[in-house]
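Here the structure is a predicted model, which means the values were calculated and not measured. Throughout, numbering of the chain's residues begins at 1 and tracks the sequence.
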Amino acid sequence: MASDFVSIGALAGHEGQQATLKGWLYNKRGSKSLYFLILRDGSGMVQCVVNQQEVDDASWQAAGEATQESALAVTGRVVKDERQVGGFEIQATAVSLISIADDYPISPKAHGVDFLMDRRHLWLRSRRQWAIMRVRNRIIMSIHAFFQERGFIQMDAPILTENAVEGTSTLFEIDYFGQPAYLTQSGQLHGEAMAMAFGKIYTFGPTFRAEKSKTRRHLTEFWMIEPEMAFYDLNMNMDLAEDFLVRIVGDALRDCKAELAVIGRDTAPLERVQKPFPRMSYTEAVDLLCSDETLAMLDEREAALHDEKAALLDERKENQKIYGQAKKWQKKKIDAREIEINQRLDQIEEDFRNIPQWRASAKHFEWGGDFGGSDETLITWHYDRPIIVHRYPAPVKAFYMKRDPDDDRLALGMDVLAPEGYGEIIGGGERATDLAFLEKQVADHNLPPEAFEWYFDLRRYGSVPHSGFGLGLERTVSWICCLDHIRETVPFPRLLGRLAP
Ligand code: 4AD
Ligand code: MG
């Protein structure tokens, strides 16, 4: 059966015609004989003009009664209007209420983050969240397209597992009929088994980390994409990761222009995500981190923040001066700007608190340690696109990594670090193939050998060089949308201290 209504995203195909739309009231303005209803239906937004002269009494009354988030059906003529959101306007001939909404808790004025997070089930209807979720969807489709076009098979790894993959400190333990089990940290080990069966595979599923860290890039539940390839060495793995990111970013730039504009994302840094990505060893990255150049960049950044703070304080003073005599619409504008200024000032103060630690961490960083978030940020400041760091000290990487044949202290791991302060979005490497080495690694990491017997079989029966990596979907969305915090990248984020809604 053909649908009896048209979605807002498909209005272009109905220009000049009558159409019925079904959606929710996002916003409303009115005068004596006119209402301007902004309708949203998930596919887009459109302004519906309701003229008392053009509609019957019931329609006029429905438009008048409709509150924010009431559900409506609007019938009218689809008119092209470049000035309007979405490029169309509806000249209504009929309006009917499907359901009337109670006083909606989320108003266009700014709310605190906790308030919004507690109402995430409603917050998702806001324009900015709409844009972010659509970018997420675009990225998901690009990921599948990229791998499917290259002959990879998508395979799901189990979520309930017997073993740790990425260290035992971040495992969520559950009771599996009296036996301890864990929510998976990564599908990789099962991915390796599938790669030995199918050559090139990728997993795409939820993964869990009992991260006690409250940062802007940690979730306890996140989606990971893990390709695993038989007969790939570290270099082939890095080449694939590079092609992969170029593809994802390119697709988002091409297909999500409107969404990125809603979010206010400056797309210039994304345009620069082109091959080749700079590649450096961990040792080279440490040298860069500890260099005078890095410390000079920090000084410059601090000075720039001082200037920005002074300018914001001046602007606020000016606004306060004119506020008394300002018109109502000007006051509204000043109020909105005040919220922005306060948010930015908070961020600047946080940077002022952090910069001394960043400086200390960079100055005193010792070869052998793992990079923290700030170290990654400082290293990436030197470049205009993602970078790949490879050959880390083995102790900071997982048990399954192959050692560098040229230097046994090193593991053949690689991380891709995103620019603009986002840091690690991909972690991966070449896998150890030597059975005796792996058995010893499992023992040295205090892992139960029984749980890895099946994994050892992969080295007993037709062992081959192989590699893979994991991309964190939410970290990628956060970077591509340039968000302050990872919590907005997933419909219902799970974080330390947040399990609802
Ligand atoms: O670097 P990680 O821990 O690597 C693995 O799990 C490997 N087994 C992947 C592989 O080689 N198949 O995690 C991979 C990526 C990180 O780079 C990051 O993007 C994301 O997963 N990630 C998280 N994202 C959000 N919240 C967290 N707590 C995350 N931990 C890791
Ligand atoms: Mg990692």
Is there a side-chain contact between [X] and [Y], using heavy atoms and a 4.5 Å cut-off?
{"X": "Ile425", "Y": "Leu245", "answer": "yes"}
{"X": "Glu302", "Y": "Arg359", "answer": "yes"}
{"X": "Phe277", "Y": "Tyr383", "answer": "no"}
{"X": "Glu488", "Y": "Glu474", "answer": "no"}
{"X": "Thr380", "Y": "Glu424", "answer": "no"}

- Starting from the C-alpha separation in whole Å, work towards a yes-or-no answer on side chain to side chain contact (heavy atoms under 4.5 Å, CB included) for Trp381 and Arg301. CA-CA 11 Å; Trp381 271 1; Arg301 172 63 64 108; 3.3 Å; yes

- Message: Check for me whether the distance between the ring centres of Phe399 and Phe452 falls short of 6.0 Å.
- Response: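 Yes, ring centres under 6.0 Å apart.
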
- Message: Measuring from atom OG1 of Thr184 to atom CD1 of Ile159, what distance do you get when rounded to the nearest 0.5 angstrom?
- Response: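 Rounded to the nearest 0.5 Å, the OG1-CD1 separation comes to 8.0 Å.
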
- Name all residues meeting the ring pair (Phe, Tyr, Trp, His ring centres under 6.0 Å) criterion together with Phe244; count only those two or more places apart in sequence or in a different chain, and write none if there are none.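 Phe244 satisfies ring pair (Phe, Tyr, Trp, His ring centres under 6.0 Å) with Phe146, Phe147, Phe469 only.
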
Please tabulate, for the side chains in residues 195-202, all donor-acceptor contacts under 3.5 angstrom to protein atoms that are two or more places apart in sequence or on a different chain.
residue	atom	partner	partner atom	Å
Lys200	NZ	Arg150	O	2.9
Tyr202	OH	His144	ND1	2.7
Tyr202	OH	Gln148	NE2	2.9

- Task: Give the C-alpha distance, both sets of side-chain angles, the deciding distance and a yes or no for salt bridge (Lys or Arg N to Asp or Glu O under 4.0 Å) between Arg498 and Asp118.
- Result: CA-CA 9 Å; Arg498 172 148 316 262; Asp118 286 342; 3.0 Å; yes

- Heavy atoms of other groups near Met141 CE, more than 12 under 6.0 Å: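 No, because the 6.0 Å sphere around CE of Met141 holds 12 heavy atoms or fewer from other groups.
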
- Query: Stepwise, does the ring-ring contact (aromatic ring centres under 6.0 Å, His included) test hold for Phe492 with His121?
  - Reply: CA-CA 8 Å; Phe492 294 99; His121 51 295; 7.6 Å; no

- Message: Salt bridge or not between Asp243 and Arg247? Use side-chain N to carboxylate O under 4.0 Å.
- Response: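 No.
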
- Query: On the ring face of Tyr232, is Arg431 found with NZ or CZ under 6.0 Å from the centre and within 45° of the axis?
  - Reply: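 Output no; distance or angle outside limits.
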
- Item | Whether Trp367 and Tyr282 hold their rings parallel, tilted or perpendicular, with breakpoints at 30° and 60° |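 Rings of Trp367 and Tyr282: perpendicular, as their planes differ by over 60°.
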
- State which residues pass salt bridge (Lys or Arg N to Asp or Glu O under 4.0 Å) with Glu430; sequence neighbours excluded, sorted by chain then number.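 Here no residue qualifies.
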
